[in-house]
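Chain A is the first sequence line, chain B the second, and so forth, proteins listed ahead of strands; every chain is numbered from 1. Below, all heavy atoms of this structure are taken into account, side chains as well, without hydrogens, waters or symmetry copies.
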Amino acid sequence: MKEADAIKLFIGQIPRNLEEKDLKPIFEQFGKIYELTVIKDKYTGMHKGCAFLTYCARESALKAQSALHEQKTLPGMNRPIQVKPADSESRGDRKLFVGMLGKQQTDEDVRKMFEPFGSIDECTVLRGPDGTSKGCAFVKFQTHAEAQAAINSLHGSRTLPGASSSLVVKFADTEKERGLRRMQQVANQLGMFSPMTLQFGAYSAYTQAVRKCSPGCSSNAYLNPMATMAAVQMQQMAALNANGLIATPITPITPSSGTSTPPTIAATPVPALPAPIGVNGYSPVPTQANGQAASETIYANGVHPYPAAYPAAYGLVSQAFPQQATIVTQQHQQPQQQQQREGPEGCNIFIYHLPQEFTDSEMLQMFLPFGNVISAKVFVDRATNQSKCFGFVSFDNPASAQAAIQAMNGFQIGMKRLKVQLKRPKDANRPY
DNA sequence: TTTTATT
């Protein structure tokens with residue numbers, strides 16, 4: 001069916017509305033297609049804008065790559081289509097991150113510097129939206145050995161003009177490391193500046209939250225919303241650090257929409273977070289007897305809300321921040337009428353029991369981790385200018401809205417718990 | 001000073 005030396009291609013920069021049937025005509029002109037798969041998010045099913053393609057013949061793959069790679073841009077895309085061997089086709093780690101470049105250096109300058117060590121597949125200086133160099137680059141060699149040789153010779157070997165320290169040459173971050181980096185950025189964004197603050201805030205918020213969830217135990221302690229968010233972040237980081245994976249929750253999972261769930265648990269999102277891995281292997285989470293039943297309920301539905309919510313959410317963070325920047329810019333450009341954009345049906349959520357002091361921007365921050373926020377509005381009393389303690393957040397897709405609901409409904413802030421649900425359509429529930 | 005994505 002396919003040749004033994006067939007190449008699996010990675011196809012990038014494809015519009016998210018194109019499915020296999022739409023893509024097929026573009027590629028079959030180069031030969032018989034063995035397999036073509038659009039890549040979708042494991043949990044949300046969201047189209048990731050890329051695909052894998054294997055031709056029956058190796059030659060077809062080579063022809064398609066040379067004819068299409070970076071040669072045309074599909075409708076709605078800003079960058080040209082990518083057609084190249086999938087990562088799974090390459091052997092070993094051969095991609096380098098190069099830091100501490102001067103801002104003036106071009107792709108060609110960097111290429112010249114690395115050429116002596118082997119054949120370079122890709123060489124790109126990272127640039128911001130305005131085209132300014134970020135002072136770093138990615139260089140991909142054909143083999144791991146070549147990359148290693150470049151590290152050995154170049155790392156720390158010199159300080160380029162305009163750089164603040166000596167040249168950095170190392171293997172590029174893995175996907176896992178990038179995830180961690182993104183979460184640290186989220187933590188910073190939430191105002192947690194030092195590791196000490198972060199640990200302290202997270203621990204106290206976390207223990208209070210756990211106590212609150214234990215039967216027969218009540219805590220009236222005030223939870224700083226940012227410390228509470230810190231707790232979420234910390235648990236994520238701990239889980240990732242320990243396993244390289246999101247830990248499977250051992251504590252009760254709670255379907256926020258479940259009708260048969262006891263109210264005390266239904267409003268408790270904290271156990272839906274992964275079991276934190278404590279320092280030195282100590283886990284502060286008590287395993288609760290009712291946890292298993294709750295978990296099974298979820299799996300029976302085929303939906304695992306926790307892994308769905310957070311990996312998906314953090315996968316979107318890198319998109320979420322540019323989005324936030326966009327919002328800020330828009331406010332400057334048209335301060336009079338920043339549009340209240342509403343997303344499509346299923347993308348808009350209603351949030352009640354917000355802390356009195358929460359503003360649009362704080363609510364935005366709280367929901368950014370779940371996707372592209374296109375609008376975040378706290379409702380304010382006209383007369384007093386005081387928050388009415390509720391608001392609306394709109395995402396650009398329903399999966400983000402569901403992730404936000406799943407993770408944040410019932411989230412404890414102070415003595416209250418957030419109510420987070422889909423915004424009702426305008427015409428519904430208006431009997432009077 | 002870490003990217004537009006890799007089942």
Spacing of F171(A) atom CZ relative to dT3(B) atom P, expressed in whole Å: 19 Å
Apply salt bridge (charged side-chain N to carboxylate O under 4.0 Å, His left out) to E108(A) and list each qualifying residue two or more places apart in sequence or on a separate chain. R111(A)
Using the six-membered ring for Trp and the full ring for Phe, Tyr or His, decide whether F52(A) stacks on the six-membered base ring of dT6(B) (centres under 5.5 Å, planes under 30°). no
Among residues at least two apart in sequence or on other chains, which ones pass side chain to side chain donor-acceptor pair (under 3.5 Å) with N78(A)? none
How many Å lie between CE on M46(A) and P on dT4(B), as a whole number? 17 Å
Among the nucleotides dT7(B), dT2(B), dT4(B), whichever has the atom closest to the side chain of D173(A) is dT2(B)
Whether K48(A) contacts dT6(B) is assessed here as follows: a side-chain N or O lying under 4.0 Å from the phosphate OP1 or OP2. Is that the case? yes
For K40(A), check salt bridge (charged side-chain N to carboxylate O under 4.0 Å, His left out) against everything at least two apart and list the hits. E19(A)
For residues 77-86 of chain A, which residue pairs pass the salt bridge (charged side-chain N to carboxylate O under 4.0 Å, His left out) check, not counting sequence neighbours? K84(A)-E122(A)
Are any side-chain N or O atoms of D121(A) and backbone N or O atoms of K140(A), one a donor and one an acceptor, separated by less than 3.5 Å? no
How long is the line joining CD of Q13(A) and C1' of dT3(B), in whole Å? 11 Å
Which pairs with one or both residues in residues 147-165 of chain A pass side-chain hydrogen bond (donor to acceptor under 3.5 Å, both in side chains), sequence neighbours excluded? Q148(A)-N152(A)
d(NE2, H47(A); P, dT6(B)) in whole Å: 13 Å
Name the closest nucleotide to the F10(A) side chain, picking from dA5(B), dT2(B), dT7(B). dA5(B)
Nearest-angstrom distance from the residue atom CZ of F97(A) to P of dT3(B): 9 Å
Using a 4.0 Å heavy-atom cut-off across all strands, classify T124(A) as base, sugar-phosphate, or nothing. nothing
From the options dT2(B), dT6(B), dT4(B), select the nucleotide whose nearest atom is closest to the side chain of C50(A). dT6(B)
cation_pi(K8(A), F52(A)) dist<6.0 Å, angle<=45: yes
Output yes if the stacking criterion (under 5.5 Å between centres, under 30° between planes) is met for F138(A) over the base of dT2(B), else no. no
Side chain of R79(A) only, heavy atoms from C-beta on: which candidate in dT4(B), dA5(B), dT2(B) is closest? dT4(B)
Looking at Y55(A), I'd like to know if the NZ or CZ of K32(A) sits under 6.0 Å from its six-membered ring centre while staying within 45 degrees of the ring's axis. no
Would you mind reading off the distance between K84(A) atom NZ and dT6(B) atom C1', rounded to a whole angstrom? 10 Å
Rounded off to whole Å, could you give me the CG-to-C1' distance for the D41(A) and dT4(B) pair? 16 Å
Using a 4.0 Å cut-off on heavy atoms, which residues in residues 55-77 of chain A reach DNA chain B? List them by number, or say none. none
Side chain K8(A) and base dT6(B) donor-acceptor under 3.5 Å: no
Among dT6(B), dT3(B), dT2(B), the one nearest K95(A) by side-chain distance: dT3(B)
Could you state the CD-P distance from E122(A) to dT2(B), rounded to the nearest angstrom? 18 Å
The nucleotide from dT4(B), dT3(B), dT7(B) with an atom nearest the side chain of Q82(A) is dT4(B)
